[in-house]
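Note that the coordinates shown come from a computational prediction; the quantities given were computed from them, not determined experimentally.
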2 protein chains.
Amino acid sequence: MNVSTNSNPRSMNLEDIAARAGVSRSTVSRVINNEPYVSEKTRERVLAIIEQEGFIPNPAARALVTQHTQVIGVVIPRTPTVVFEDAFYFPTLLQGVSAATHQRDYAMLLWLGQAGEDDERLYRQIERNRLMDGLIIASAPSNDPLISHFLNTSLPFVLVERPGHDYDRISYVSIDNLNASLELVTHLINLGRRRIATVTGDLTIPDGRDRLDGYKRALQIAGLPVDERLIVEGNFSQRSGYEGTQALLQQKIDAIVASSDITARGVLQALHEAEIRVPEDVAVVGFDDLPTAAQVIPPLTTVHQPIEERGRLAAGLLIDLVEGKLEGPQQILLPTELVIRQSCGAALS
Amino acid sequence: MNVSTNSNPRSMNLEDIAARAGVSRSTVSRVINNEPYVSEKTRERVLAIIEQEGFIPNPAARALVTQHTQVIGVVIPRTPTVVFEDAFYFPTLLQGVSAATHQRDYAMLLWLGQAGEDDERLYRQIERNRLMDGLIIASAPSNDPLISHFLNTSLPFVLVERPGHDYDRISYVSIDNLNASLELVTHLINLGRRRIATVTGDLTIPDGRDRLDGYKRALQIAGLPVDERLIVEGNFSQRSGYEGTQALLQQKIDAIVASSDITARGVLQALHEAEIRVPEDVAVVGFDDLPTAAQVIPPLTTVHQPIEERGRLAAGLLIDLVEGKLEGPQQILLPTELVIRQSCGAALS
DNA sequence: GTTCAATCTGGGAGCGCTCCCAGATATGAT
DNA sequence: ATCATATCTGGGAGCGCTCCCAGATTGAAC
């Protein structure tokens with residue numbers, strides 16, 4: 001009946017190409033996979049026909065036998081805050097991951113956490129998806145379920161933050177938060193600041209804790225006291241910077257170290273409202289070097305971190321693990337760069 | 001030799017589950033795919049074993065026979081400008097796409113254009129990737145090669161902008177730029193503005209052209225002249241807003257319609273430098289309602305568009321097309337909303 | 001000429017599913 | 001009891017590849 005109206009013609013396969021080239025399936029496979037033991041003449045003939053027919057091998061069939069898909073996954077749980085408070089980090093990171101995956105001929109599967117919604121369902125979907133050769137997990141804090149799950153699996157994964165646990169069993173790419181923070185605070189000390197306060201990040205996250213540790217270490221090295229009254233716990237948000245600063249103004253201070261540029265925004269806002277001059281009365285420094293850091297008033301002294309490279313390295317590392325070019329847990333800490341602008345008062349001296 | 005050191009144990013398959021349940025491969029398959037003709041008792045027994053073993057069917061094997069992967073792709077070419085000038089649109093759109101794909105149990109393959117790099121290589125990778133059931137193409141302007149390619153293919157695809165050509169053969173989800181712009185300009189006219197200028201967007205992009213057409217239409221409806229000297233061609237960038245405004249200041253004007261909130265930022269900057277009061281001397285309106293629109297001074301009157309919903313609908317539509325629930329090209333125009341703040345001078349009257 | 005290794009080529013087996021068809025069993029009408 | 005029908009169940013075939021092994025061909029060495 002519908003012989004002539006076959007609307008969805010079967011696409012070509014190896015056998016079809018083989019027939020047209022007058023060779024066998026196996027030979028075509030060898031040509032496609034660039035294997036040896038094919039005469040130059042045959043190879044060229046086959047390649048010509050592949051080109052001419054626009055033939056592309058079926059990835060599902062290939063994956064079925066090789067157990068590799070050439071696909072890696074990227075999970076970004078609980079994005080809402082990321083998206084709305086800092087719409088820079090996440091796209092930039094993806095850009096880096098994307099660059100590396102494409103360069104190595106992989107594709108990238110993206111999993112985004114949904115606003116408000118519990119990540120439970122997402123995690124189940126990710127765990128059930130056996131299409132990936134490996135996984136990049138962004139934003140480490142409370143994604144323990146994912147990490148624990150994949151620790152019990154043979155699926156390679158890489159974090160782009162330092163994990164909160166199992167440090168030595170997990171591969172990750174991060175920045176040297178502690179030393180960056182140490183350098184930043186030392187810079188303030190060198191400028192003559194002595195009563196240096198801080199609004200920390202989320203201390204359940206290694207990033208937050210490490211930055212605080214760097215702050216303390218810098219004071220200790222300089223022989224300055226670590227005064228707990230000058231340390232207010234925040235959570236990287238602008239709001240925590242604003243409220244933290246209001247609390248800090250009870251004390252006599254001459255500098256505030258914000259845990260992030262977003263937090264610094266809140267700090268500046270609170271200082272402005274209290275009619276305190278920056279940097280004359282109080283110096284302010286941030287962390288991250290978001291594009292807006294140069295645009296606030298006064299321009300923010302901060303720590304630049306290579307976000308895109310972080311993504312690129314994480315993807316490269318993951319693919320190396322997948323392909324067996326590297327073994328076991330690998331940890332990479334990227335260097336950061338102190339960016340001196342006006343908010344620290346460097347121009348004053 | 002290495003019998004006991006088999007490091008990568010073959011994971012379970014249907015046959016294994018079947019053996020444990022004392023049934024056949026086929027019955028397990030029926031249970032997994034929720035097909036009828038399985039007795040309730042058998043179904044429960046099989047489900048229990050699947051649960052207990054944590055069995056997940058091999059997607060590659062499944063895809064090989066069904067010709068469906070439950071994966072859709074999203075292409076965002078030439079992201080650099082998007083990322084750096086407007087880091088909001090793109091993540092929000094992805095969030096919407098992601099929400100819809102996850103809800104319908106699909107996964108999302110993401111393809112990002114690389115900074116500076118030619119998109120040629122990316123396009124080849126996308127075209128060669130036969131893992132996707134369908135494709136969402138963001139940012140329509142110059143991606144003709146992709147669109148033309150997939151028009152000749154049976155792969156369903158959906159744009160999230162209005163295409164520059166083949167309108168009626170292509171499925172897309174966009175907003176009603178023309179009427180939104182018309183409403184916006186009419187609002188200015190109702191406020192008494194008479195010399196209304198505009199800095200357009202990229203006129204090679206339908207979005208840009210439609211917004212300009214809405215501007216003209218509004219003037220015509222009000223019986224006002226369309227003065228070409230009051231129309232400066234821009235490209236959605238802040239810079240074009242800045243330079244366009246400087247050019248417009250040669251004319252006598254009382255309002256500027258910016259093609260986007262980003263452009264409006266440049267417009268405000270130029271007016272500020274020229275010491276022209278907004279909205280007293282010149283009213284300014286934008287388009288897009290970025291989060292920053294409410295934060296500039298004065299807060300920007302603009303057009304709110306449902307970006308996340310755009311992504312969600314595009315993905316939903318694509319999956320409907322993939323699954324055959326909908327036919328052929330489908331076009332959706334989403335409604336927008338006029339957001340009146342201070343920059344239009346509404347509060348003055 | 002023969003012999004041997006290196007180089008090339010083809011086809012069977014199998015990856016883990018779905019689909020189809022044949023056969024078994026239960027259910028109800030006669 | 002008999003038969004027709006609806007409900008279940010099992011196994012073969014096949015999706016399009018890769019991998020392995022056996023056989024064919026070549027070329028160099030003797």
Side-chain angles (χ1 to χ4, degrees), chain A residues 6 8-47 49-50 53-71 128-133 154 323, chain B residues 6 8-47 49-50 53-71 128-133 154 323:
Chain A
N6 191 340
N8 197 7
R10 200 186 106 277
S11 69
M12 290 216 137
N13 61 24
L14 280 191
E15 210 96 39
D16 298 329
I17 300 293
R20 272 181 183 51
V23 296
S24 78
R25 188 168 32 94
S26 304
T27 299
V28 178
S29 174
R30 285 189 196 96
V31 170
I32 287 176
N33 295 299
N34 242 322
E35 282 168 20
Y37 297 136
V38 180
S39 73
E40 210 40 52
K41 224 167 56 183
T42 314
R43 190 181 295 274
E44 272 165 24
R45 185 152 37 95
V46 172
L47 278 177
I49 291 176
I50 288 175
E53 302 287 345
F55 173 71
I56 297 155
N58 183 318
R62 201 174 227 173
L64 181 56
V65 35
T66 60
Q67 309 276 29
H68 282 283
T69 56
Q70 301 267 109
V71 172
R128 293 181 57 84
N129 187 292
R130 293 175 52 194
L131 222 55
M132 304 177 286
D133 288 343
S154 60
E323 296 181 346
Chain B
N6 191 340
N8 197 7
R10 197 185 109 281
S11 68
M12 291 215 137
N13 61 26
L14 280 191
E15 210 96 38
D16 298 329
I17 300 294
R20 271 179 184 53
V23 296
S24 79
R25 189 167 30 94
S26 303
T27 300
V28 178
S29 175
R30 283 189 198 99
V31 170
I32 288 177
N33 295 299
N34 242 323
E35 282 169 18
Y37 297 136
V38 180
S39 73
E40 209 41 49
K41 225 168 54 185
T42 314
R43 189 181 297 272
E44 272 165 25
R45 183 153 37 95
V46 172
L47 279 176
I49 292 178
I50 288 175
E53 303 287 345
F55 172 72
I56 298 154
N58 184 317
R62 202 174 226 173
L64 181 55
V65 34
T66 61
Q67 310 276 27
H68 281 284
T69 56
Q70 300 268 108
V71 173
R128 293 183 58 84
N129 187 292
R130 292 175 52 195
L131 223 56
M132 304 176 287
D133 288 342
S154 60
E323 296 182 345

Between [X] and [Y], what is the shortest heavy-atom contact and its length?
{"X": "A:Ala60", "Y": "B:Leu64", "answer": "CB-N, 3.9 Å"}
{"X": "A:Ser29", "Y": "A:Leu14", "answer": "CB-CD1, 4.0 Å"}
{"X": "A:Arg130", "Y": "B:Pro57", "answer": "NH1-C, 3.6 Å"}
{"X": "A:Arg128", "Y": "B:Ile56", "answer": "O-CG2, 3.3 Å"}

Can you list every pair that meets salt bridge (Lys or Arg N to Asp or Glu O under 4.0 Å) and has a residue in residues 53-67 of chain B, with sequence neighbours left out?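 Applying salt bridge (Lys or Arg N to Asp or Glu O under 4.0 Å) to every pair that reaches into residues 53-67 of chain B, excluding sequence neighbours, yields B:Arg20-B:Glu53.
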Protein-nucleotide distance ([X], atom [atom1]; [N], atom [atom2]), rounded to Å:
{"X": "B:His68", "N": "C:dC17", "atom1": "NE2", "atom2": "P", "answer": "18 Å"}
{"X": "A:Leu64", "N": "D:dC17", "atom1": "CG", "atom2": "C1'", "answer": "8 Å"}
{"X": "A:Leu131", "N": "C:dG16", "atom1": "CG", "atom2": "P", "answer": "15 Å"}
{"X": "A:Asn58", "N": "D:dG14", "atom1": "CG", "atom2": "P", "answer": "18 Å"}
{"X": "B:Arg25", "N": "D:dT9", "atom1": "CZ", "atom2": "C1'", "answer": "12 Å"}
{"X": "A:Leu14", "N": "C:dG11", "atom1": "CG", "atom2": "C1'", "answer": "14 Å"}
{"X": "A:Asn13", "N": "D:dT18", "atom1": "CG", "atom2": "C1'", "answer": "14 Å"}
{"X": "B:Glu15", "N": "C:dC17", "atom1": "CD", "atom2": "P", "answer": "9 Å"}

Residue of the set B:Val31, B:Val28, B:Ile17 for which side chain to side chain contact (heavy atoms under 4.5 Å, CB included) holds with B:Ile49: B:Ile17
Of all residues at least two apart in sequence or in a different chain, which pass the side chain to side chain donor-acceptor pair (under 3.5 Å) check with [X]?
{"X": "B:Asp133", "value": "B:Thr69"}
{"X": "A:Asn129", "value": "none"}
{"X": "A:Thr66", "value": "none"}

Can you sort out which residues in residues 16-23 of chain A have a heavy atom within less than 4.0 Å of DNA chain D? Ascending by number, please.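 Output list: empty, so none.
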When you measure from the side-chain N and O atoms of B:Ser29 to the phosphate of C:dT18, is any distance below 4.0 Å, counting only OP1 and OP2? yes
Heavy-atom side-chain proximity of B:Asp16 to B:Phe55 below 4.5 angstrom: no
Measure from the side-chain heavy atoms of B:Thr27 and tell me the nearest of D:dA13, D:dG16, D:dT9.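 Output: D:dT9.
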Counting side-chain heavy atoms from CB outward, which of D:dC17, C:dG16, D:dG11 is closest to A:Arg62? D:dC17
Is there a donor on the side chain of A:Arg130 or the base of C:dG16 sitting less than 3.5 Å from an acceptor on the other? no
Quick one: bend of the helix from C:dG1-D:dC30 to C:dT30-D:dA1 from 5 pairs per end, to 10°? 50°
Set of residues satisfying side chain to side chain contact (heavy atoms under 4.5 Å, CB included) with respect to [X], sequence neighbours excluded:
{"X": "B:Thr42", "answer": "B:Val23, B:Thr27, B:Val38, B:Ser39, B:Arg45, B:Val46"}
{"X": "B:Ser26", "answer": "B:Ser24, B:Arg30"}
{"X": "B:Glu44", "answer": "B:Glu40"}

Restricting to salt bridge (charged side-chain N to carboxylate O under 4.0 Å, His left out), what partner residues turn up for A:Glu15, sequence neighbours left out?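 Residues passing salt bridge (charged side-chain N to carboxylate O under 4.0 Å, His left out) with A:Glu15: A:Arg25.
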Give me the residues of residues 33-43 of chain A where at least one heavy atom lies under 4.0 Å from an atom of DNA chain C, by number, or none. A:Tyr37, A:Val38, A:Ser39, A:Thr42
For a quick check, with a 4.0 angstrom heavy-atom cut-off, what is the B/S/- contact string for nucleotides 20-28 of chain D, read 5' to 3'? B--------
